[in-house]
Amino acid sequence: MSYSPNLSSPFTGGMNKSKTTCSTSGMCSMCTRDCPGTCEIALSAVLGAQTVYPITTGDNQIASEKNYPVDYSHFNMNGRVFGARGIAEDMEQATVFNMDLSTTYGTRNQIEMDLPLILPALIKLNWKDYFAGAAMAGVSCVIGEHARNNDSELVIKNGQVVDFPFLASIRKSYEPYYRGKGQMILQCNPDDDLLGVPQIALQKYGFDAIEIKFGQSAKGVQPVIKIKDMETALKKKALGNLVHPDPEDPAVQKAYKNGVCPNFYTYGRLPMWTEETISKHIELLRSMGVKNIYFKMAGYDSVDLERVLRMASVNGVDMVTFDGAGGGSGYSPSKMMNEWSYPTIMLEDQVVRLAKKLQRENLPLPAITITGGFASEDQVFKALAFGDGLVKSVGLCRASMAAAMTGERIGNEIKNGTVRPLFQKYGSTVEEIFGDLPDLCAIYGTKARSYPTGAIGVFSYLKKIGFGIAHFAALNRKFNLSLLDRSDLIPLTGDAHDLLK
C-alpha cells in the first residue's frame, strides 16, 4: 500500500479520472488519450512550474494529505483509580476544576499562560480574531513572517523599513484583550532581518518578542512566487525581495522588450545561521530592547535539530517551537507538505531524546513547543504526555483559525436572523448560542458580549481544549501539567511501542 495520496488533491485542483489508481505513481491505472486533463500531470502540462504550489489558496487553509504510518492515534490514554498527585487526596478537591493548566516559561523575562497552548505563526484570513482570541485565552501567539507584504503603506528607504503601519493594526487587534497572560511575538525571516523589521517593531511599535525562523513543517524552503510582468518585478526588488531573473539586468530588460524573457519569480532568502552569527543577532536584538527570543524549527535532519537546540541553550532562548509534518501553510510546495519532514510524533521523539541528552550535560533547556497537525484535546494531551515533562505547550494553528472563521460566520448568521437548525435549540442571540460567553464575561465584564464572535470562537475552542486536557489528567490522577509523562500512554501498535523505548 502507499501512504501518499494519488494525483487528486483539492489544493492542487487535480482529480484522477479513474477510481482505480496505481499505488506507486498515483496515476490512473489506465491513462487514456481522450482524458479531459484533470489530474496533476495534466494540470502541470498546461500551467507548468507554478503547479509545484497549490492553485486553490486564497481564502482556504491547506495542509498535508498524507496518511502517516504512525501518529498519536497509535496510543490510547492510560488511567488510574487510586490517589491523587499535585493536589490533596480529597474527593472535594481532586476535580477537573482544580486541574492546574497554567504554564510558565522564559529565561530572562517570565511569561505566564493560562493554558499549555500556543497559536503559531499566521497572518492571513481572520488574523484579528486569531490574535484577539489568544489574548482572551491567556496564551501566546505569533505573527507570521513577511507580514510587511500585507502592508500597502510600507515605507522603505535606503534598504530599511522606516514605516510599517500594519504592525500597529496588528497590535490593536490584540492589546484591548490582553490581560497579562501570554505574549504577542513577531516572527522574522532573513528578508525581514535585512530590511530592519525587528528594529522598527521593537523600537517604534512596542513589540518585545521576536521569533527567529529556521523553518516550518510545510515549508522547509521559502516560497517561489510567480510575478506577472517587468513592472511588478522591479517593484518587488525595490522592496528588498530576491527576484529571478534580475529585472534590472540590461540583458533581461532587452529580452522582455523582445518578448523572449522567461517568467519572473520572487524567492525568500534561506537562513544561513552559524553559532557565531546567531549569537551576534540575538545580542543585537537584546540591545534593541527585546525581552524574549523564540526559535521556529521544523523536522530537519537530526543533526540540525540538535544544533538548533544547542544554539537555544547557549543563547538563553526562551522557547523553541518544533513543527512536524502533517501541518500546513497558505503557500507551500504541495509535495513538500505531503512528503517532507519528520511526522510530528517522530519529531517530538527526536526532540525529547536530544533534550534529555542536553540535560545529562547539565545544559539549560529552552521551553519546548510541539506543533504540526493538532486539532483536538486528546491529541494535545498525548503530545504533552509523550513530551515526558520536557514539552511545555502544543501549537494549534489551522484549528484555531478554523474556530475564528466559524465563530465569525455563525455570528453573522445570528445578526442576519438566519440561525441554522443545529443552533436554533440554544436560542437566537449571541448570548444564548455562544456557550462560553459567560466565562468570557467573568473575565472582562458584560462588555464581552459585544466582542467579535470570531475571537469568541477562538477563546471557546481553546477553552474546550483545556477542559478536555483537565479530564484526561484527572483520569490519571494528575492535577499539574508537569506530572504528565509517557506512563500516561498505552501503545496500540508495534511502532508506538518502539517509540516508548
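Note that the structure is a prediction, hence the values are computed from the model and not measured.
Other residues, nucleotides and ligands contribute more than 12 heavy atoms inside 6.0 Å of the NZ atom of K335.
Contact of the R108 side chain with the R286 side chain is registered, since non-hydrogen atoms from C-beta on lie closer than 4.5 Å.
Classification of the F467-F97 ring pair by plane angle, with boundaries at 30° and 60°, yields tilted. Relative orientation of the Y451 and Y444 rings is perpendicular, given thresholds of 30° and 60° on the angle between their planes.
Using modelled atom types and a 3.5 Å distance limit, the side chains of E339 and Y3 yield no donor-acceptor pair. Side-chain contact, N292 with D318: a donor N or O sits under 3.5 Å from an acceptor N or O. The closest side-chain donor-acceptor pair between Q216 and K213 falls under 3.5 angstrom. N16 and S18 form no side-chain donor-acceptor contact under 3.5 Å, judged by distance and modelled atom types alone. Side chains of Y174 and Y130: a donor-acceptor N/O pair is absent below 3.5 angstrom, by distance only. For the residue pair S73 / D71, a side-chain donor-acceptor distance below 3.5 Å is found, with atom types taken as modelled. Counting only N and O atoms by type, the side chains of S279 and N315 include a donor and acceptor under 3.5 Å apart. Between S393 and T369, the side chains place a donor N or O and an acceptor N or O closer than 3.5 Å (distance only, hydrogens not considered).
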- Walk me through it: do F295 and W273 pass the test ring-ring contact (aromatic ring centres under 6.0 Å, His included)? CA-CA 12 Å; F295 283 175; W273 297 113; 8.5 Å; no
- Task: Evaluate the criterion side chain to side chain donor-acceptor pair (under 3.5 Å) for residue pair S140 and Y105; output intermediate values, then yes/no.
- Result: CA-CA 11 Å; S140 293; Y105 66 89; 2.7 Å; yes
- Task: Check the pair H146 / I123 against side chain to side chain contact (heavy atoms under 4.5 Å, CB included), numbers first and verdict last.
- Result: CA-CA 9 Å; H146 278 313; I123 190 64; over 6 Å; no
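Tested against E145 for a salt bridge (Lys or Arg N to Asp or Glu O under 4.0 Å), the candidates K296, K219, K124 yield a single pass: K219.
With a 6.0 Å cutoff to the six-membered ring centre and a 45° limit on the axis angle, R171 counts as a cation-pi contact of F207.
Screening residues 78-107 for salt bridge (charged side-chain N to carboxylate O under 4.0 Å, His left out) gives R80-D488 as the qualifying pairs, with residues at least two apart or on separate chains. Applying the salt bridge (charged side-chain N to carboxylate O under 4.0 Å, His left out) test to pairs two or more places apart or on separate chains, those with a residue in residues 345-355 are D349-R353, D349-R486.
I345 and Y72 make their closest contact through CA-OH, 3.5 Å (heavy atoms, listed as atom of the first residue, atom of the second, distance).
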